[in-house]
Amino acid sequence: MDAPHLLLPWCLLLLLLLLLSLTLAGSSAASNGVSPSPATAPKAAGFGYRLVSLVQRPNGGGLVGCLQVKHRTSTYGPDIPRLRLFVKHENRDRVRVQITDAAKQRWEVPYDLLPREPAPPLAATVSDGAAAFTAAEYAGQDLVFTYGRDPFWFAVHRKSTRQPLFNTSRAPLVFKDQYLEVSTRLPKDASLYGLGENTQPGGIKLRPNDPYTLYTTDASAINLNTDLYGSHPVYVDLRSIAGRGVAHAVLLLNSNGMDVFYTGTSLTYKVIGGLLDFYFFAGPTPLAVVDQYTAMIGRPAPMPYWAFGFHQCRWGYQNISVVEGVVEGYQNAEIPLDVIWNDDDHMDAAKDFTLDPVNYPRPKLLAFLDKIHARGMKYIVLIDPGIAVNNSYGVYRRGMERDIFIKLDGQPYLAQVWPGPVYFPDFINPNGASWWIDEVRRFHELVPVDGLWIDMNEASNFCTGKCKIPTKHKCPIPDSKEPWLCCLDCKNLTNTRWDDPPYKINASGISGRLGYNTIATSATHYNGILEYNAHSLYGFSQAIATHKGLEGIQGKRPFVLTRSTFVGSGAYAAHWTGDNKGTWENLRYSISTILNFGIFGMPMVGADICGFYPAGEPPLEELCSRWIELGAFYPFSRDHANFASPRQELYQWASVAKSARNALGMRYRMLPYLYTLNYQAHLTGAPVARPLFFSFPDYAPCYGVSNQFLLGAGVMVSPVLEQGATSVSAVFPPGTWYNLFDTSKVVASSSGATVKLDAPLNEINVHVYQNTILPLQRGGTISRDARATPFTLVVAFPLGATEADAEGAVYVDDDERPAMVLVEGQATYARFHASVRGGKEVTVRSQVSMGTYSLHKGLVIEKITVLGLHGAGRGLSIQVDGAEATAISTSSPYFAGADVEEEAVEGEKRSMTMEVGGLALPLGRSFTMTWNMHIEA
């Protein structure tokens with residue numbers, strides 16, 4: 001039977017025909033005692049839907065169906081009687097399944113914030129070419145959608161193996177205005193990752209029966225298993241099948257608050273609004289999953305080179321002289337430092353876009369910035385979204401004139417943060433975003449900052465409910481020691497279904513009110529959009545406006561650091577894990593959160609090194625020493641402390657300074673590698689810091705490893721995370737691993753192993769994996785100087801290899817440009833390949849794209865270090881762009897290194913670290929280098 005021309009009228013007709021039967025069936029069931037008694041069983045939230053129509057739109061337009069509720073319930077509100085189903089294979093590795101109200105438009109993440117392919121409008125007609133869809137499966141190239149009609153359920157499986165990925169047949173679909181519920185079956189051996197932001201004490205792998213609540217909240221990162229600053233309703237599912245690791249991902253694109261219940265064999269979403277908009281990503285590798293995910297939500301923003309240097313901040317740098325002293329302290333201690341930050345100390349009475357005229361007078365601050373900018377250093381300051389209610393404050397007046405603040409009952413919503421009474425700008429409002437962009441411009445004219453740090457943007461509020469400015473006392477309270485205590489006159493809001501919804505998510509871990517210490521959920525944004533719906537988008541929308549503001553005024557690559565995040569935030573900003581504490585537990589927790597954000601598409605992420613809050617249990621020295629050893633390898637590396645913490649700049653203790661010079665010294669040598677990972681992240685979403693299973697998905701023992709991580713594909717960091725420890729047990733996937741600080745230390749295993757490594761106080765274990773070519777430079781104490789030094793290529797072959805290959809790459813550019821693309825004269829990308837054949841013939845070559853930039857900068861390769869081969873080098877031949885080129889070396893090229901005894905996991909083997917030095921190979925020209933390995937009899 002051909003599908004009717006108009007889909008919705010047909011659904012409406014079916015609805016009318018079914019209402020009578022539903023009514024009769026309901027009264028019959030009730031009269032026969034079919035319904036469960038409330039005294040003997042809990043009330044069901046819903047009894048599901050039946051599929052009453054399904055048609056296939058022409059030209060690859062997907063499937064459109066009509067769902068009808070089976071039996072109505074009143075739990076959490078009335079069921080929406082009729083739903084629209086939309087299914088589409090958007091490309092070969094992604095399928096979308098959307099379920100929404102068939103009669104009226106529901107809230108969804110705005111398309112201007114997160115651009116994506118639109119679903120058909122509800123009122124759309126189905127063209128004459130449409131036909132009823134009666135097949136049992138709807139197949140794409142990689143994924144297959146299947147379904148049941150009565151009750152309706154759907155499933156997605158992998159086409160090649162028919163492996164089920166998602167199957168909702170275990171429980172009925174529930175769809176009410178403020179309560180949506182759907183469940184999927186899971187195999188008990190599936191390993192799940194994601195569903196953040198939260199601090200997971202059990203490690204990166206999701207634990208059955210731990211709470212996973214998603215709702216952006218200003219709850220510090222020291223709170224475990226609770227909703228924190230960001231909302232990322234996506235998870236990666238990794239399964240070992242016949243010895244092969246196979247991954248996929250599931251995104252529920254919904255900004256409303258939700259609980260996700262994971263039991264180990266099932267996963268259930270309970271969402272308090274919006275619609276069900278699922279995206280399934282086929283993988284099958286973890287890297288492919290993140291590639292597919294970020295292709296849909298937006299590729300990670302390119303970061304400037306200096307952002308990968310070391311950063312120092314403290315809330316409590318009372319004046320500019322203190323900041324100058326901090327910079328001098330780092331210089332005197334010869335510890336690398338690229339960026340100095342101010343928390344809100346620079347502000348006049350904590351007001352955004354202002355300077356304290358006494359402690360940070362503009363002339364003195366500008367003189368300081370001229371000095372550090374001349375050295376190549378950068379300066380970043382904090383701004384909060386709350387705008388002080390003050391008629392003498394130009395930022396406030398301009399906001400009022402443009403009517404850009406979030407409202408409650410027709411008036412700007414009054415809240416309190418650091419300056420006292422504030423209004424919150426509405427970044428969803430086009431006028432609000434343009435006003436903010438203009439304020440960023442005005443501030444940059446006042447102070448030429450190099451980036452902006454947007455904090456408190458969940459949004460955080462010291463008060464709750466509907467408030468007014470008090471008449472009997474001042475707010476803020478003068479000289480208060482606790483300025484975070486509410487001093488407005490407030491009353492709770494419980495009289496609307498938005499402030500007091502029927503289902504209470506586990507907000508703040510206590511099923512707290514949605515509006516607790518944030519904007520009231522009955523407040524409204526532009527066009528009447530409810531805060532109830534848009535709450536978790538606040539930081540995301542602010543990051544977009546801030547990014548646009550910096551890009552527009554500087555014409556350079558922006559750097560924005562944001563606390564609150566949502567799906568897609570990584571396309572505009574970096575993230576730090578928020579307010580942690582100076583404890584060994586927080587040191588350990590930081591790794592899992594950082595790895596999660598790589599999965600979320602925000603690879604530029606780090607934690608406050610040495611801890612933001614004081615632990616109250618001295619000494620901090622050993623912890624800070626171990627934390628900088630780890631933090632030196634965070635993608636974003638910053639020391640930050642609370643005003644109540646003891647001073648914890650890295651030069652404060654001799655032992656910490658030694659650890660910092662060691663670990664940051666290696667980081668600054670690795671800057672070209674980190675920056676290349678930044679480029680690859682921008683192209684493919686690949687995380688900078690990754691769980692071990694990203695490179696070793698077939699090695700199941702690494703699925704739960706949360707105390708180590710990879711940088712890129714082939715560098716592994718194994719930190720000390722326990723007080724007093726001088727060794728660390730580290731998991732090594734199969735293969736050969738060389739210690740980067742001392743390449744004579746080798747771990748080699750054909751099947752993988754857990755190895756106890758020496759780790760004296762000032763040392764961290766960092767290993768490079770076989771088959772890797774790692775680009776290094778000489779390093780330095782500031783990235784501008786370090787990036788101009790000659791390169792060394794570390795070529796890591798398997799230990800004792802006779803037939804092997806290694807690969808690597810380096811990307812260099814003018815990081816002032818907003819875009820990160822290969823353009824002749826502005827960027828160079830060099831791929832490296834090395835091989836050994838027959839245990840003797842060694843070749844190292846490069847393939848260069850757009851070499852002019854590197855030639856203009858005079859970048860050269862001075863040395864090649866080869867790991868894992870026996871013997872000594874003989875008969876070196878070098879060709880550059882196809883011509884003999886030995887004359888380009890600074891002196892005669894030489895071989896260095898000798899056979900040494902290496903102790904490996906599987907016994908003693910003879911290995912070698914050898915160098916080809918005395919080179920001056922232009923990075924911007926392709927070269928081929930060959931030699932033979934000679935073993936003395």
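Evaluation of the ring-ring contact (aromatic ring centres under 6.0 Å, His included) rule for Phe832 yields no partner, not counting sequence neighbours. Residues meeting the side chain to side chain donor-acceptor pair (under 3.5 Å) test with Thr216, sequence neighbours left out: His535.
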**OP:** Could you walk me through whether Arg94 and Asp142 pass the salt bridge (Lys or Arg N to Asp or Glu O under 4.0 Å) test, one step at a time?
**Re:** CA-CA 8 Å; Arg94 181 174 79 229; Asp142 287 350; over 6 Å; no
Original post:
Can you check salt bridge (Lys or Arg N to Asp or Glu O under 4.0 Å) on Asp338 and Arg638, steps first, answer last?
Top reply: CA-CA 10 Å; Asp338 259 79; Arg638 184 183 71 162; over 6 Å; no
**OP:** Under the side-chain contact (heavy atoms from CB on, under 4.5 Å) rule, what do Leu195 and Val234 come out as? Steps first, then yes or no, please.
**Re:** CA-CA 5 Å; Leu195 296 178; Val234 61; over 6 Å; no
**OP:** Could you give me the CA-CA distance, side-chain angles and deciding distance for Arg557 and Asp815, then say whether salt bridge (Lys or Arg N to Asp or Glu O under 4.0 Å) is met?
**Re:** CA-CA 7 Å; Arg557 191 171 302 169; Asp815 69 331; 5.6 Å; no
**OP:** Apply side chain to side chain donor-acceptor pair (under 3.5 Å) to His833 and Asp805, showing your working.
**Re:** CA-CA 7 Å; His833 181 266; Asp805 295 272; 3.1 Å; yes
**OP:** Verify side-chain contact (heavy atoms from CB on, under 4.5 Å) between Val449 and His444, making sure each step is shown before the conclusion.
**Re:** CA-CA 6 Å; Val449 296; His444 195 267; 4.1 Å; yes
**OP:** I would like to know whether Val250 and Phe166 meet side-chain contact (heavy atoms from CB on, under 4.5 Å); could you show each step before the answer?
**Re:** CA-CA 9 Å; Val250 179; Phe166 199 87; 4.1 Å; yes
Subject >> Glu108/Arg116 under salt bridge (Lys or Arg N to Asp or Glu O under 4.0 Å): CA gap, chis, key distance, verdict >> reply: CA-CA 12 Å; Glu108 58 183 317; Arg116 58 200 187 277; 3.7 Å; yes
**OP:** Might you work through the side-chain contact (heavy atoms from CB on, under 4.5 Å) test for Leu776 and Met670, ending with a clear yes or no?
**Re:** CA-CA 5 Å; Leu776 304 176; Met670 290 176 61; 3.7 Å; yes
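For the residue pair Leu114 and Val567, the shortest heavy atom distance occurs at CD1-O, 3.9 Å. Asn91 and Asp93 make their closest contact through OD1-OD1, 2.7 Å (heavy atoms, listed as atom of the first residue, atom of the second, distance). Annotation for Pro286 and Ala247: closest pair N-CB, 3.9 Å, computed over non-hydrogen atoms. Between Ser637 and Ala632, the shortest heavy-atom contact is OG-CA, 3.9 Å. What you find for Ala607 and Thr577 is that their closest heavy atoms are CB-OG1, 3.3 Å. Between Arg239 and Gln163, the shortest heavy-atom distance links the atoms CD-NE2, 3.2 Å.
Residues Met303 and Met820 form no side-chain contact, since every pair of their non-hydrogen atoms from C-beta on lies 4.5 Å or further apart. Between Asp277 and Tyr279 there is a side-chain heavy-atom pair separated by less than 4.5 Å. Tyr673 is not listed as a side-chain neighbour of Ile773, based on a closest heavy-atom distance of 4.5 Å or more. In this structure the side chain of Leu192 reaches within 4.5 angstrom of the side chain of Leu267, judged on heavy atoms. Contact annotation: the side chain of Pro603 approaches that of Pro300 to within less than 4.5 Å [non-hydrogen atoms, C-beta and beyond].
Put simply, the side chain of Thr772 never gets that close to the backbone of Ala796: no donor and acceptor are under 3.5 Å apart. Side-chain atoms of Ser854 do not come within 3.5 Å of backbone N or O of Gly851 as any donor-acceptor pair. The backbone N or O of Lys205 sits nowhere less than 3.5 Å from a side-chain atom of Tyr703 that would complete a donor-acceptor pair. Here the side chain of Gln292 pairs a donor or acceptor atom with the backbone of Ala282 at under 3.5 angstrom. Under a 3.5 Å cut-off, the side chain of Arg299 and the backbone N or O of Asp291 do form a donor-acceptor pair. A donor-acceptor contact shorter than 3.5 Å is absent between the side chain of Asn533 and the backbone of Trp107. Proximity of a side-chain donor or acceptor of Ser255 to a complementary backbone N or O of Ser536 within less than 3.5 Å is not detected. A donor-acceptor contact shorter than 3.5 Å is absent between the side chain of Asn59 and the backbone of Gly61. With Gln777 contributing its side chain and Arg787 its backbone, the two residues share a donor-acceptor pair below 3.5 Å. A donor-acceptor pair under 3.5 Å is formed between the side chain of His575 and the backbone N or O of Arg563.
In this model, no donor atom of one side chain and acceptor atom of the other lie less than 3.5 Å apart for Glu458 and Thr217. The closest side-chain donor-acceptor pair between Tyr811 and Asp813 falls under 3.5 angstrom. In this model, no donor atom of one side chain and acceptor atom of the other lie less than 3.5 Å apart for Gln826 and Asp814. Inspection of the Asp218 and Ser460 side chains reveals an N or O donor paired with an N or O acceptor under 3.5 Å. Judged by distance alone, the side chains of Arg106 and Thr100 never bring a donor and an acceptor atom under 3.5 Å apart.
Aromatic pair Phe145/His89: centroids not less than 6.0 angstrom apart. In this structure, Tyr699 has its ring center no closer than 6.0 Å to that of Phe693. Aromatic pair Tyr262/Tyr235: ring centres not closer than 6.0 Å. Ring centers of Phe696 and Tyr769: under 6.0 Å apart, within the cut-off. The aromatic ring centroids of Tyr229 and Phe566 lie 6.0 Å or more from each other. The six-membered or imidazole ring of Trp576 lies away from that of Phe636, with a centre-to-centre distance of 6.0 Å or more.
Partner of Asn457 under the side-chain hydrogen bond (donor to acceptor under 3.5 Å, both in side chains) criterion, chosen from Thr565, Thr546, Thr562, Asp384: Thr562. With respect to His640, the ring pair (Phe, Tyr, Trp, His ring centres under 6.0 Å) criterion is satisfied by exactly one of Tyr634, Phe310, Trp453: Trp453.
Cation-pi geometry between Arg667 and Phe633 is not satisfied (NZ or CZ under 6.0 Å from the ring centre, within 45° of the ring normal). Cation-pi check for Arg784 over Trp306 is not met; the charged atom does not lie both under 6.0 angstrom from the ring centroid and within 45 degrees of its normal.
Other residues, nucleotides and ligands contribute only 12 or fewer heavy atoms inside 6.0 Å of the CZ atom of Arg831. Within 6.0 Å of CD on Gln847 lie no more than 12 heavy atoms contributed by other residues, nucleotides or ligands.
Ionic pairing of Asp450 and Lys556 is not present here: no N-O contact between side-chain nitrogen and carboxylate oxygen is shorter than 4.0 angstrom.
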Can you give each donor-acceptor pair under 3.5 Å made by side-chain atoms of residues 591-602, sequence neighbours left out, with the distance rounded to 0.1 Å?
residue : atom : partner : partner atom : Å
Ser592  : OG   : Ile204  : N            : 3.1
Asn596  : OD1  : Gly194  : N            : 3.4
Asn596  : ND2  : Gln200  : OE1          : 3.2

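Distance check: Asp227 CG to Asn198 CG gives 8.5 Å after rounding to the nearest 0.5 Å.
Classified by interplanar angle (parallel below 30°, tilted 30° to 60°, perpendicular above 60°), the ring pair Tyr829/Tyr679 is tilted.
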